[in-house]
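Worksheet: the structure to be examined is printed underneath.
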Amino acid sequence: MRKQYPFDVIESKRQRLWDEQTAFRAWNPQETIPADHPFAKRHGLTGKTSLADLPPKYYILDMFPYPSGSGLHVGHPEGYTATDILARYKRARGFNVLHPMGWDAFGLPAEQYAIKTGQHPRTTTEANVTNFKRQIKSLGFSYDWSREIDTTDPDYFRWTQWIFLKLYHSWYNPETGRAEPIETLSIPNEVREEEERASYRDERRLAYVAEAPVNWCPELGTVLANEEVVEGKSEIGGFPVLRKPMRQWMLRITAFADKLLQGLEEIQWSESLKEMQRNWIGRSEGAEVHFQVADKDACITVFTTRPDTLFGATYMVLSPEHDLVLALTSEEQQKAVSAYQDYAARKSDLERTELGKNKTGVFIGAHAINPVNGERIPIWIADYVLATYGTGAIMAVPAHDARDLEFAEKFNLPVLKVVQAPQGQDSIGFVGDGVSVNSDFLNELPTAEARQKMICWLEEHQKGSRQVNFKLRDWLFSRQRFWGEPFPILWKKGRHHSVGEHELPVLLPELSDFKPTSDGEPPLARASDWVNMKDGSLRETNTMPQWAGSCWYYLRYLDAHNKEKFCDRETETYWMGSGQPDANPGVDLYVGGTEHAVLHLLYARFWHKVLFDLDLTSTPEPFFKLVNQGLIMGEDGQKMSKSRGNVVNPDDIVAHYGADAFRLYEMFMGPLEMSKPWNTKGVEGVYRFLGRVWRLIVDEESELEYAQKTAVENENAEQQLAVLRLNGSVQSGLKPTSEQLKSLHTCIQKVTEDLQHMRFNTAISAMMVFVNDATNWETRPKECMKTFLLLLHPFAPHLAEELHGMLAGETESIIAYEPWPIHDPKLLVEDSIEIPVQVNGKLRDRVTIPCDSKRELIEALALESTKVKTFIDGKSVKKMIVVPGKLVNIVVK
RNA sequence: GCCGGAGUGGCGGAAUUGGUAGACGCGGCGGAUUCAAAAUCCGCUUUUCGCAAGGAAGUGUGGGUUCGAGUCCCUCCUCCGGUACCA
């Protein structure tokens with residue numbers, strides 16, 4: 001198949017030239033911009049710039065990829081193309097655009113490969129990064145590669161460790177509602193012993209060690225965060241996950257639950273994404289209620305969102321792991337209870353989910369006193385009550401809770417109606433809001449009021465209190481892996497302390513065997529020289545989870561090579577917009593997949609809020625606007641996967657049609673946020689369009705000549721581009737006709753509007769309309785063509801840059817720094833307009849009227865239409881609706 | 001179950017605040033060019049009735065509001081994503 005145009009030669013040439021002039025370097029305050037840099041020329045800047053000299057910032061960020069062995073798939077460049085188009089558009093609009101790229105390169109696959117083959121994860125990772133970078137660069141994105149980062153680079157993870165130490169050395173002060181240095185924590189006087197005082201502090205750090213039931217994945221040989229467990233299986237690999245008590249590093253994200261929730265109000269994220277985060281944080285309001293245990297000196301506290309149903313609590317349930325189970329169980333129930341505890345502990349999360357609704361449990365032989373009516377109610381244990389939510393214990397109100405009802409029916413426990421359902425509905429099993437009954441002082445109150453009244457009663461009688469609860473758990477932050485950031489932590493005499501800041505980074509030891517040790521220790525424990533310090537301290541052998549590096553990478557881009565700080569403050573202030581009144585606070589636009597809705601995006605917000613509290617960043621939220629690109633499906637409409645054999649490799653598309661066509665197609669497929677199927681035929685469509693653009697401007701004869709020359713002297717293809725001549729119809733100094741101007745300015749207007757709303761597909765179709773138009777022009781004024789190329793350039797930068805070079809001469813500024821064209825509304829004004837005429841809302845005719853027609857004239861013209869007449873004949877006109885410039889509707893009867 | 005989002009030609013998708021449904025592209029059909037093909041260019045292409053002019057129907061279903069509904073309101077159905085014993 002003959003090429004539409006020599007895209008391969010043009011694309012490599014343009015990429016080389018952009019690289020040579022570091023065209024897309026973004027400039028920080030206090031940097032010296034070379035006078036011949038296109039940015040300096042465009043903005044008239046010379047020498048060292050201060051913050052005030054720089055144009056407004058625009059920070060546009062992609063989710064950096066994990067460089068996997070299989071390379072880029074077509075989903076990656078979808079988001080990258082969208083951001084690149086906007087980066088180029090914003091540059092044309094005069095912004096100082098920061099558009100960086102890097103590698104989230106710690107992770108499990110490289111480590112698993114190492115265990116299998118012995119190849120060091122570093123080697124694997126470097127090879128993968130090289131391949132990813134080659135692929136990404138082949139698409140001509142305008143990244144500032146001088147800011148490239150790699151989370152596995154010691155110069156990078158040094159600062160990941162440093163931020164971890166900030167968390168370690170901080171606590172959450174509930175009074176100020178902020179993270180503060182641990183020194184501000186006042187330790188009560190009654191805690192005297194130095195040991196105890198240290199423990200008191202350690203228990204309140206934002207990074208702390210806790211013995212807790214964790215998600216243990218035997219296949220992966222590591223623990224996982226709650227967020228990494230999907231339906232009882234590991235998110236990576238889909239292996240079963242068990243609950244197991246282990247000592248682990250935790251981060252106190254729960255302290256920030258409310259802030260993480262409230263922060264969502266200030267940012268421009270899609271409603272569905274915000275909703276996902278809200279659900280994950282899971283705030284619910286209710287009350288804590290204290291139940292005295294009968295005949296024992298013990299008290300069970302429960303959390304409930306329905307204190308109004310307290311009179312209907314007919315039994316209680318503790319989770320099998322609850323602290324009080326042992327103490328409260330009667331002798332005769334001892335055996336049954338411990339058998340049940342064993343049974344529950346053996347169940348994996350997966351089995352728990354699968355067994356789902358089949359309730360099990362055991363009576364523990366003790367009773368509690370319902371504080372509101374003094375009733376003795378039995379206490380049970382059952383695994384439908386989770387140890388990890390609320391207090392790990394519930395009051396059961398079977399009449400108004402589906403789970404309690406099922407349990408009560410199975411074990412013959414009493415069911416007492418305390419809420420009257422609205423008319424027609426059965427009150428037993430009714431879980432909504434109704435009216436209280438059988439509830440003494442709450443009777444006849446609607447649920448909302450009853451709830452409040454009961455809380456007041458509880459507080460008055462010191463039987464409970466108002467309480468807010470969250471689903472969010474603290475973040476389990478340690479992994480038993482090799483290929484991750486080592487903790488900057490040392491252990492001595494069973495107590496942890498931090499490595500000094502000046503000793504960072506803590507490097508990974510050299511190992512050749514990456515498996516866990518035979519006694520189940522993490523792989524780092526194999527490096528005994530590394531673990532055992534001279535002073536007798538031991539290094540922490542866990543590593544950080546993959547999310548650690550991505551929690552703050554957007555800040556490192558701002559000042560990627562700073563040796564003294566994780567990021568210079570003035571630079572941070574500039575790019576995060578705090579210094580400028582009109583700038584968006586934070587990253588202006590962040591584009592990436594939905595798969596990170598609750599993992600990366602929640603963790604990064606959490607770290608950012610801690611850094612903000614410690615005055616290390618200047619904005620409370622990291623990502624101002626966030627857009628999720630939709631999934632690209634295979635040609636068969638199924639999700640792309642190797643096993644289905646429907647994976648499209650960008651390399652093949654670029655080789656056949658070029659990067660510009662690839663970019664254009666990815667944007668033309670449909671709205672960015674929708675999922676849509678790939679269709680290689682569609683690539684050919686946009687490829688033909690680019691060929692038409694080429695032929696609008698380039699002379700076909702000369703192209704033939706070019707083809708002949710390059711066929712002979714293959715290696716000189718780039719120089720041979722010089723033989724190309726302009727299409728004879730392209731003429732300079734030619735005054736465009738009003739029709740031509742109208743066509744061009746319609747296109748300017750549409751493309752500009754669509755870019756502002758990220759409607760790339762319709763912007764492209766507007767350009768197609770223009771090109772179809774211009775193809776039929778006898779003569780093509782050079783200025784019109786140049787302007788059109790400005791519109792095209794964010795989408796198809798190589799072709800636009802090359803044609804711009806031909807039209808404008810290579811000595812002029814590159815198109816990437818040309819100002820964006822502005823449409824002239826005066827050129828779009830029409831003298832007359834065709835409007836539809838409807839009769840009773842049905843289209844019957846169209847009439848052409850002068851634009852400034854008065855209502856009477858429009859009505860008269862509409863009624864004159866012969867087609868219209870046949871429909872109103874013999875009927876009376878009741879009403880005429882005239883929408884100026886839009887339509888006429890004649891209502892007849 | 002609950003919470004989001006989406007249902008428009010053969011296909012991907014357009015349609016400012018309710019105002020000409022189907023832009024643009026793919027595919028298909030026909031033509032020009034060619035010895036022929038590829039490529040390119042031009043025309044047609046929602047369905048249906050009709051030789052035609054023209055008519056009728058039509059945006060998942062059923063109803064409603066309106067001069068007028070793909071767009072607003074209610075009902076139901078299907079698909080996609082998230083989540084699920086969260087008290």
Side-chain angles (χ1 to χ4, degrees), chain A residues 1-4 230-231 270-276 278-280 282-284 286 302-306 309 317 352-353 355-359 382-386 388-397 401-404 406-407 431 469-473 594-595 597-598 628 630-631 633 637 639 665 668-671 673-686 688-689 691-692 695 700 750 753 757 759 761-769 772 775-776 834-846 867 870 878-881 883 885-892:
Chain A
M1 190 175 73
R2 196 178 147 224
K3 285 201 181 80
Q4 289 276 348
V230 178
E231 289 175 355
S270 71
E271 205 40 50
S272 69
L273 188 58
K274 286 185 181 179
E275 205 51 34
M276 275 189 223
R278 283 189 199 112
N279 287 339
W280 195 266
R283 184 181 200 271
S284 53
V302 302
F303 172 73
T304 178
T305 54
R306 292 294 299 270
T309 62
V317 187
R352 256 175 108 132
T353 310
L355 294 172
K357 300 284 181 274
N358 191 13
K359 298 279 182 293
D383 69 353
Y384 84 90
V385 173
L386 306 174
T388 50
Y389 183 77
T391 61
I394 62 156
M395 63 177 212
V397 185
D401 182 284
R403 298 150 300 178
D404 294 345
E406 198 189 333
F407 192 83
V431 298
N469 228 308
F470 294 94
K471 271 201 276 188
L472 186 69
R473 303 290 90 204
T594 352
E595 65 272 23
V598 284
N628 286 126
L631 224 54
M633 317 293 258
K639 208 166 167 172
Y665 175 64
F668 188 59
M669 290 168 82
E673 295 182 65
M674 265 177 43
S675 82
K676 51 229 162 221
W678 180 269
N679 176 10
T680 300
K681 281 283 178 199
V683 187
E684 284 175 28
V686 294
R688 274 200 282 269
F689 162 71
R692 284 158 74 90
R695 291 189 296 273
E700 287 195 61
K750 179 76 177 139
E753 268 175 22
H757 296 101
R759 292 186 296 235
N761 54 333
T762 48
I764 292 166
S765 83
M767 291 189 283
M768 288 172 166
V769 170
N772 290 345
T775 304
N776 297 318
E834 190 189 69
I835 61 163
V837 181
Q838 297 180 338
V839 178
N840 284 347
K842 289 201 172 188
L843 177 71
R844 294 305 178 192
D845 198 9
R846 298 181 174 88
K867 283 184 194 167
T870 62
K878 277 185 69 181
K879 196 164 154 189
M880 283 192 78
I881 295 178
V883 185
K886 283 283 185 208
L887 56 47
V888 181
N889 189 11
I890 303 166
V891 186
V892 296

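Values below: all heavy atoms of this structure, side chains included; hydrogens, waters and symmetry mates excluded. Letters A, B, ... are given to chains in the order of the sequence lines, protein chains preceding strands, and every chain is numbered from 1. Note that the coordinates shown come from a computational prediction; the quantities given were computed from them, not determined experimentally.
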Applying side-chain hydrogen bond (donor to acceptor under 3.5 Å, both in side chains), name anything that partners A/Thr762, two or more places apart in sequence or on another chain.
A/Asp754
Partner set under side-chain contact (heavy atoms from CB on, under 4.5 Å) for A/Ala393, not counting sequence neighbours:
A/Ile300, A/Val302, A/Leu318, A/His322, A/Thr391
side-chain contact (heavy atoms from CB on, under 4.5 Å) partners for A/Val892, two or more places apart
A/Val839, A/Asn840, A/Ile872, A/Lys875, A/Val877, A/Ile890
Mind checking who B/A39 pairs with, Watson-Crick or G-U wobble, both distances under 3.5 Å?
none
Distance, rounded to the nearest Å, where A/Arg306 contributes CZ and B/A87 contributes P
12 Å
Listed nucleotide nearest any side-chain atom of A/Ser284, set B/A87, B/C42, B/G13:
B/A87
Regarding the side chain of A/Lys886, the nearest nucleotide among B/C24, B/G13, B/G19 is B/G19
Applying side-chain hydrogen bond (donor to acceptor under 3.5 Å, both in side chains) to A/Glu271 and not counting sequence neighbours gives A/Arg278
For the side chain of A/Trp280, counting heavy atoms from C-beta on, which of B/U40, B/C42, B/U83 is nearest?
B/U83
Nearest 0.5 angstrom please: A/Asn889 CG to A/Arg844 CZ, how far?
11.0 Å
Test of understanding: with side-chain hydrogen bond (donor to acceptor under 3.5 Å, both in side chains), list the residues that count as partners of A/Asn761, not counting sequence neighbours.
none
Give me the distances for all protein-to-nucleotides 55-60 of chain B N/O pairs that come in under 3.5 Å?
{"unit_1": "B/A56", "atom_1": "OP1", "unit_2": "A/Arg844", "atom_2": "NH2", "d": "3.4"}
{"unit_1": "B/A56", "atom_1": "OP2", "unit_2": "A/Arg844", "atom_2": "NH1", "d": "3.2"}
{"unit_1": "B/A57", "atom_1": "OP2", "unit_2": "A/Lys842", "atom_2": "NZ", "d": "2.9"}

Mind checking ring pair (Phe, Tyr, Trp, His ring centres under 6.0 Å) for A/Phe668 and listing every partner two or more places apart, or none if nothing turns up?
none
Does any nucleotide pair with B/G7 by Watson-Crick or G-U wobble geometry, both distances under 3.5 Å, and what is it?
B/C77
Side-chain contact check for A/Met768: nearest option of B/A14, B/U20, B/C24 is B/C24
If we take the P atom in both B/A23 and B/U16, what is their distance in whole Å?
15 Å
Paired with B/A14 by Watson-Crick or G-U wobble geometry, both distances under 3.5 Å: which nucleotide is it?
none
Can you tell if the side chain of A/Tyr665 reaches within under 4.5 Å of the side chain of A/Asn679, non-hydrogen atoms only?
yes
So, using side-chain hydrogen bond (donor to acceptor under 3.5 Å, both in side chains) as the criterion, who are the partners of A/Asn279 when residues are at least two apart?
none
Ignoring backbone atoms, establish whether A/Asn761 has a side-chain N or O less than 4.0 Å from OP1 or OP2 of B/C24.
no
Just name whichever nucleotide pairs with B/U33, Watson-Crick or G-U, keeping both distances under 3.5 Å, else none.
none
What is the per-nucleotide protein-contact pattern of nucleotides 1-12 of chain B, from the 5' end, where B denotes a base atom under 4.0 Å from a protein heavy atom, S denotes such proximity for sugar-phosphate atoms only, and - denotes neither?
--SS-------B
Taking a pair to mean Watson-Crick or G-U wobble geometry with both distances below 3.5 Å, B/A21 pairs with none
Does the structure show a Watson-Crick or G-U wobble partner for B/G58, both distances under 3.5 Å? Name it, or say none.
none
Taking the side chain as every heavy atom from C-beta outward, state whether A/Met395 and A/Asp404 have any atom pair closer than 4.5 Å.
no
Can you sort out the partners of A/Phe470 under ring pair (Phe, Tyr, Trp, His ring centres under 6.0 Å), two or more places apart, ordered by chain and number?
none
For nucleotides 67-71 of chain B, give me every protein contact, N/O to N/O, under 3.5 Å, one pair per line with atom names.
{"unit_1": "B/C67", "atom_1": "O2'", "unit_2": "A/Asn889", "atom_2": "ND2", "d": "3.3"}
{"unit_1": "B/C67", "atom_1": "O2", "unit_2": "A/Asn889", "atom_2": "ND2", "d": "2.5"}

Nucleotide paired to B/G50 in any strand shown, Watson-Crick or G-U, under 3.5 Å:
none
side-chain contact (heavy atoms from CB on, under 4.5 Å) involving A/Lys676 - partner list, sequence neighbours excluded
A/Glu78, A/Met669
Base orientation of B/G4, chi within 90° of 0 counted as syn, else anti, reads anti
